[in-house]
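The figures that follow rest on heavy atoms only: side chains count, while hydrogens, waters and symmetry mates do not.
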Amino acid sequence: QQIFFKNGTTRWIRNVIHIEQGNWFHIMTKKGIELTPCVSVGQTIKRYQILASVSPVSEEVPIRSIELEPYYRELLSSTSISDRYGAAKAYSFLNHKFDTTPLEERIKDDAEHIYIKLESAAALARSGSKLGYDFIESVLSSDYLEHRLEAVIILGELPSEQSSKLLIQVLAEETQHEEIRGGAAWALGELNIKSSIPSLVQAFNEVSLSIRIEAARSLKKMCNSHI
């Protein structure tokens, strides 16, 4: 049920709420269910405030203090793919050294979703673990185009010379699909590392228009920083 009102002060008269500005509102019932008052006599009413409800109402968002690492570790073992994916990604933003075992287990689990594996690898790479980059590099030669493209995108989110090196290799590899090579050119622009500029310039010798376009976009993005 919705009760509309203007700002004012409440006063109860039986089952009627009186707003001091002169508006009267009856508390409605539906199928014999009465609304429970959420205001008290003399209380100042705010705009859009709930006056009555059939369910509990709180004006404050409950705050729960949690230990982040144990919380993410528990989510990594959830049966929900979205829980595991979110937890793997969240590990990258922990501002301290953490136990890498749960992430390593995700990577080594053959039944795990590839996106969760890659996010786990990204978190490991950010923590300085060699296993993270090793796994991402292995996915760059996957039989599945979507997996390779996701690995390229992940590298574009890992600002390091190692990421740049792997992307340059992908960009220069003529056996790679042009979409993957174009993605590598884009990701190098996201990293914005000066040492990758010659490789992006070299990409203009490519026959594929999509690769040249992504290389041009990245070079344009990098101009303000390095030229």
Do side-chain atoms of Ser127 reach the backbone of Leu124 as a donor and acceptor pair under 3.5 angstrom? yes

Sorted by chain and residue number, the salt bridge (Lys or Arg N to Asp or Glu O under 4.0 Å) partners of Lys130 (sequence neighbours excluded) come out as Asp134

Salt-bridge test for Glu69 and Arg73: reply yes if a basic N is under 4.0 Å from a carboxylate O, no otherwise.
yes

Sorted by chain and residue number, the salt bridge (Lys or Arg N to Asp or Glu O under 4.0 Å) partners of Glu74 (sequence neighbours excluded) come out as none

Exercise. Answer yes or no: is there an ion pair linking Glu190 with Lys221, defined by an N-O contact shorter than 4.0 Å?
Key: yes

* **Distance-only polar pair, side chains of Ser210 and Ser208, donor-acceptor under 3.5 Å** => yes

SB check Glu174 Arg181 (cutoff 4.0 Å)
no

Val207 backbone acceptor or donor facing Arg212 side chain under 3.5 Å: yes

Output a table of donor-acceptor pairs, distance under 3.5 Å, between side-chain atoms of residues 102-109 and any protein atom two or more places apart or on a different chain; print 'none' if there are none.
residue	atom	partner	partner atom	Å
Glu104	OE2	Thr100	OG1	2.9
Arg106	NH1	Asp109	OD2	3.4
Arg106	NH1	Glu112	OE2	2.6
Asp109	OD1	Ala111	N	3.0

Taken in chain and number order and not counting sequence neighbours, the residues that satisfy salt bridge (Lys or Arg N to Asp or Glu O under 4.0 Å) with Lys194 are none

Give the C-alpha distance, both sets of side-chain angles, the deciding distance and a yes or no for salt bridge (Lys or Arg N to Asp or Glu O under 4.0 Å) between Arg217 and Glu214.
-> CA-CA 5 Å; Arg217 286 174 175 169; Glu214 292 300 339; 3.2 Å; yes

Ring pair (Phe, Tyr, Trp, His ring centres under 6.0 Å) filter on His177, not counting sequence neighbours, yields none

Discussion item. So does Ala122 get a backbone contact from the side chain of Glu157, meaning a donor-acceptor N/O pair under 3.5 Å?
Written reply: no

Arg126 meets the salt bridge (Lys or Arg N to Asp or Glu O under 4.0 Å) criterion, sequence neighbours left out, with none

